[in-house]
Undergrad: 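I am attaching a structure below and will ask some questions about it afterwards.
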Amino acid sequence: MRVWVVIAAYNEASVIGRVINEVKRRGYPVVVVDDGSSDRTADASAAAHVLVRHPINLGQGAALQTGIDFALERGADVIVTFDADGQHRAADIEKLVQAIRVADVDFALGSRFLGCSDGVPVARRVLLKAATLFTQLTTGLRISDTHNGLRAMTRRGAGVVRLRQNRMAHASEMLSQIAASGLGYIEVPVTIEYSAYSLAKGQTIGDALMILLDLFARRLYR
Amino acid sequence: MLLTSVAVYAATERRRSPVVALLSIIAAAAGLYFTWTPDHATQVAMWAGVGRGVDLVLYIWVCISLIVLLNLHLKLRRQMELVTVMARTIALAEARHRLSEKAGRRRLPEAVRDR
């Protein structure tokens, strides 16, 4: 089973090298999509098997879709999306891939609330719970976590994912596409290691409102 | 004239943005109706607590402006989607090119590679 790990990075020069090396140590090929960074993210990503560079900054959703397209082109059987800010553990990739294999599903979604993710700030926890409830109501998916960037999908699963939300709303968009596809999914406990750096990069209530507006606006046109 | 042109604009947009087109047509139709029948406009205005019929038409015009603004925003989003497709195509083509160059270099004999 050919597994590719896709990392979307925007101005992550200080951490991306370490993240790539951790994933590579597990034996997975890594494609980093540098989303038009203005710092030295591209140089720091030299260890990646492939570096794809957006000429301009488009957003995490756009970068992930680019990475998924590239991995599909390279013949990936399973594609794992992994955050660039160092909050995911490379050891969890195997758990996701294993879950896909054993449960015979097309998506394995990481869940911090099933796993051990200590130190989730209260405001973040409330925000994530509200987002999860919203996703459950709008998609019908029975999931415990949403907007978790650690997920794995089979080639067939990746085929139904077509992210048009360039920015943060892509996570909700992907979940609604999973629900619409009717393909099987499973949640897998994963660990999120919060650091001052990842918290600073995380979403705020203002971002959550923008996500809602983005999702609403996308329904208004074809 | 302005309200009629809004209705025509809405009709041309109905394929791309059905919701916006519907809202624009409703607002433009209401505006046209109340402009033609000022007595009705005054009655509805009094019922709605606006006061004068002409104010009601003005408010409808403001609504139309906001709807058209929303449509412009949606058009910008569509443009952004096209830009995204273009940027992705460029990025993937460059990555493929770099990979094939790297593979080519690996295939070349050392003496040629160092030149």
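Order of the sequence lines sets the chain letters (A, B, ...), proteins ahead of strands, with each chain counted from 1.
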Undergrad: Distance from A/Gln165 atom CD to B/Thr84 atom OG1, nearest 0.5 Å?
TA: 10.5 Å

Undergrad: Please classify the contact between A/Asp34 and chain B as side chain, backbone, both or neither, with a heavy-atom cut-off of under 4.5 Å.
TA: neither

Undergrad: Could you tell me which non-hydrogen atom of A/His49 sits nearest to which non-hydrogen atom of B/Leu99, and how far apart they are?
TA: O-CD2, 4.5 Å

Undergrad: Between atom CG of A/Asn166 and atom CZ of B/Arg77, what is the distance when rounded to the nearest 0.5 Å?
TA: 8.5 Å

Undergrad: Would you call A/Arg164 and B/Glu81 a salt bridge, taking side-chain N to carboxylate O under 4.0 Å as the test?
TA: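 A salt bridge is present here (some side-chain N lies under 4.0 Å from a carboxylate O).
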
Undergrad: With a 4.5 angstrom heavy-atom cut-off, could you sort out which part of A/Gln65 is near chain B: side chain, backbone, both or neither?
TA: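 Both backbone and side chain.
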
Undergrad: How many angstroms lie between atom OG1 of A/Thr66 and atom CD1 of B/Ile90, to the nearest 0.5 angstrom?
TA: 11.5 Å

Undergrad: Could you tell me which portion of A/Val50 (side chain, backbone, both or neither) has an atom closer than 4.5 angstrom to a non-hydrogen atom of chain B?
TA: side chain

Undergrad: Pick from A/Ala63, A/Gly59, A/Pro55: which one has the most heavy-atom pairs with chain B under 4.5 Å?
TA: A/Pro55

Undergrad: Within a 6.0 Å radius of atom CZ on A/Arg40, are there more than 12 heavy atoms belonging to other residues, nucleotides or ligands?
TA: no

Undergrad: Closer than 3.5 angstrom, by distance alone: can the side chain of B/Arg88 be matched with the main-chain N or O of A/Asp69 as a donor-acceptor pair?
TA: no

Undergrad: Which atom names give the shortest non-hydrogen contact between A/Ala217 and B/Leu74, and what distance separates them?
TA: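 For A/Ala217 and B/Leu74, the tightest heavy-atom pair comes out as O-CD2, 3.7 Å.
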
Undergrad: Using non-hydrogen atoms and a 4.5 Å limit, figure out which bit of B/Lys75 sits close to chain A: side chain, backbone, both or neither.
TA: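 Neither part.
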
